[in-house]
Participant: 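Here it is, the structure in full.
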2 protein chains.
Amino acid sequence: MKLITRDTDYALRALCFISRSSAGKFSVTKLSKELGVPRPFLRKILQTLNKQKILESTRGKAGGFILAKDPKKIFLTDIIGIFQGRLKLNECFLNRLICPDQRTCLLRKMLVKIERYVLKELGSITIASLLK
Amino acid sequence: MKLITRDTDYALRALCFISRSSAGKFSVTKLSKELGVPRPFLRKILQTLNKQKILESTRGKAGGFILAKDPKKIFLTDIIGIFQGRLKLNECFLNRLICPDQRTCLLRKMLVKIERYVLKELGSITIASLLK
DNA sequence: ACAATTGATACAATTATAGTATCATTTAGT
DNA sequence: ACTAAATGATACTATAATTGTATCAATTGT
Ligand code: FES
Ligand code: FES
């Protein structure tokens with residue numbers, strides 16, 4: 001079970017890298033070299049982050065990406081949400097044959113509980129906090 | 001993110017069904033009809049449960065599967081482990097570029113913490129407890 | 001004008017999940 | 001002994017998700 005997929009991972013790497021540097025603006029070419037991430041894939045990822053207003057892009061020669069937000073305000077749950085959809089452990093996976101009453105279902109309650117816990121924990125981590 | 005995959009799900013359905021019934025022994029054909037699970041797939045699943053000593057099989061005509069253990073002693077984590085491998089949220093997913101010291105890594109600590117929590121919660125659910 | 005960049009989007013490869021098929025072996029019933 | 005109904009073992013196929021690649025258009029500094 002992957003809590004964090006490759007694209008989320010790469011996105012985090014890029015955000016951390018950009019946050020740490022004072023330079024501010026980076027092209028995909030530069031970032032892909034620095035991070036060891038395939039260029040076209042990273043490009044797609046950064047474009048997504050741009051659309052989601054985590055990054056801001058400038059086009060044309062000498063263009064590139066800069067942070068659009070304070071790293072203290074970029075949460076791990078945001079990035080996971082963007083690339084993996086809202087974290088959801090499971091739909092009701094056993095059907096009514098097994099689980100005749102969803103309101104009292106123990107398993108359901110437990111999954112909801114776990115989900116809340118995970119979201120709370122991940123929601124406390126930001127890009128800033130990853131930089132130590 | 002799926003905490004529980006289809007085969008785990010089907011396995012749970014089957015185990016619950018068998019546990020609930022006093023009859024004890026069921027053939028794949030019977031179970032697949034009762035549970036609405038594709039027969040060959042269910043068969044593979046039950047064979048696996050047999051190998052893992054969760055079920056016990058008898059071959060030949062009038063053969064089938066019975067529980068090999070008290071439903072109070074079959075834990076959700078066991079079944080997940082069998083079909084999905086030991087629950088593991090993530091390897092160290094950011095490389096050393098980003099995370100220079102694993103011993104102090106905040107994210108790592110948090111993932112380990114979440115993993116422990118999930119295991120603890122799931123480890124408290126048994127087939128018996130799913131039957132209410 | 002040109003080169004270096006991103007925007008948008010379609011395409012391809014790889015991997016994981018879900019499911020099927022088949023032949024061999026066992027066993028109850030006749 | 002024969003047959004039918006079951007599992008054991010295992011190889012195969014299909015589908016979906018993930019992980020990438022490629023390409024053409026638009027923008028911008030020089
Ligand atoms: S398993 Fe879905 S509500 Fe109980
Ligand atoms: S991200 Fe791997 S140890 Fe910190």
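Below, read A as the first sequence line, B as the second, and so on, with proteins coming before strands; counting in each chain starts at 1. Since we're looking at a predicted model, the values are computed, not measured. Just so you know, these numbers use all the heavy atoms, side chains as well, and skip hydrogens, waters and symmetry mates.
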Participant: Can you tell me whether the side chain of K44(A) and the base of dG20(D) have a donor-acceptor pair closer than 3.5 Å?
Facilitator: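 Indeed there is one.
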Participant: Examine the base of dT25(C) for any acceptor or donor lying under 3.5 Å from a partner atom in the side chain of R59(B), and report the outcome as yes or no.
Facilitator: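 Present.
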Participant: Closest approach to the side chain of P40(B), judged atom by atom: which nucleotide of dG7(C), dT5(C), dA21(C) is it?
Facilitator: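 The answer is dA21(C), which lies nearest to the side chain.
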Participant: Provide, to the nearest angstrom, the distance between the CG atom belonging to L49(A) and the P atom belonging to dG7(C).
Facilitator: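 L49(A) atom CG is separated from dG7(C) atom P by 11 Å.
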Participant: For the residue pair I18(B) and G24(B), what are the closest heavy atoms and their distance?
Facilitator: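 Taking I18(B) first and G24(B) second, the nearest heavy atoms are CG2-O, 3.6 Å.
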Participant: Looking at S57(A), does any N or O in its side chain come under 4.0 Å of the phosphate oxygens OP1/OP2 on dG7(C)?
Facilitator: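 Answer yes for this pair, as a side-chain N or O of S57(A) is under 4.0 Å from OP1 or OP2.
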Participant: Looking across every strand, which nucleic acid part, if any, lies under 4.0 Å from T29(A) by heavy atom: base, sugar-phosphate, or nothing?
Facilitator: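 Nothing: the residue T29(A), judged by heavy atoms under 4.0 Å, touches no strand.
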Participant: Round to the nearest Å and state the distance from I80(B) atom CD1 to dT17(C) atom P.
Facilitator: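 The answer, rounded to whole Å, is 13 Å.
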Participant: Would you kindly give the CZ-to-P distance between F83(A) and dG20(D), to the nearest whole Å?
Facilitator: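 Going from CZ in F83(A) over to P in dG20(D) covers 13 Å.
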Participant: Does R43(A) get its side chain close enough to the base of dG7(C), under 3.5 Å, for a donor-acceptor pair?
Facilitator: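 Counting by modelled atom types and ignoring angles, a donor-acceptor contact under 3.5 Å is found here.
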Participant: Can you tell me whether the side chain of R6(B) and the base of dA18(C) have a donor-acceptor pair closer than 3.5 Å?
Facilitator: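 It does not, because no donor-acceptor pair links the side chain of R6(B) to the base of dA18(C) below 3.5 Å.
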Participant: Testing the basics here: between Q84(A) and L3(A), what is the closest heavy-atom pair and its distance to 0.1 Å?
Facilitator: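 Looking at all heavy atoms of both residues, the closest pair is NE2-O, 3.1 Å.
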Participant: Return no unless some side-chain N or O of N50(A) is found under 4.0 Å from OP1 or OP2 of dT6(C).
Facilitator: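 So the side chain of N50(A) is outside the cut-off, no N or O lying under 4.0 Å from OP1 or OP2 of dT6(C).
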Participant: Can you label the angle between the Y117(A) ring and the Y117(B) ring as parallel, tilted or perpendicular, going by 30° and 60°?
Facilitator: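 Y117(A) and Y117(B): parallel rings.
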Participant: Rounded to the nearest 0.5 Å, what's the gap from CZ on R59(A) to CG on N50(A)? Could you check?
Facilitator: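 R59(A) atom CZ to N50(A) atom CG measures 10.0 Å (nearest 0.5 Å).
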Participant: If you find the nucleotide of DNA chain C closest to L42(B) and the one closest to Q47(A), which residue's nucleotide is nearer the 5' end?
Facilitator: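 Result of the comparison: Q47(A).
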Participant: For a quick check of understanding: with a heavy-atom distance under 4.0 Å over all strands, which category does G60(A) fall into, base, sugar-phosphate or nothing?
Facilitator: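 The residue G60(A) makes base contact.
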Participant: Distance check: side-chain N/O of R39(A) vs OP1/OP2 of dT21(D), anything under 4.0 Å?
Facilitator: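 So the side chain of R39(A) is outside the cut-off, no N or O lying under 4.0 Å from OP1 or OP2 of dT21(D).
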Participant: What is the distance from CG of L46(A) to C1' of dA8(C), rounded to the nearest Å?
Facilitator: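 Those two atoms, CG and C1', are 15 Å apart.
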Participant: Does dG19(C) have its OP1 or OP2 closer than 4.0 Å to a side-chain nitrogen or oxygen of Y10(B)?
Facilitator: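 Yes, because at least one side-chain N or O of Y10(B) sits under 4.0 Å from OP1 or OP2 of dG19(C).
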Participant: How long is the line joining CZ of F41(A) and C1' of dT9(C), in whole Å?
Facilitator: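 Those two atoms, CZ and C1', are 15 Å apart.
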Participant: Considering just the side-chain nitrogens and oxygens of K2(B), establish if one lies under 4.0 Å of OP1 or OP2 belonging to dA18(C).
Facilitator: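 Answer is yes, contact under 4.0 Å.
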Participant: For a 4.5 angstrom cut-off between non-hydrogen side-chain atoms, does I74(A) reach I79(A)?
Facilitator: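 Touching, per the 4.5 Å side-chain cut-off.
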Participant: With DNA chain D as reference, determine whether D7(A) or A62(A) sits nearer its 5' end, using the nearest nucleotide of each.
Facilitator: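 Comparing both residues, the 5'-ward one is D7(A).
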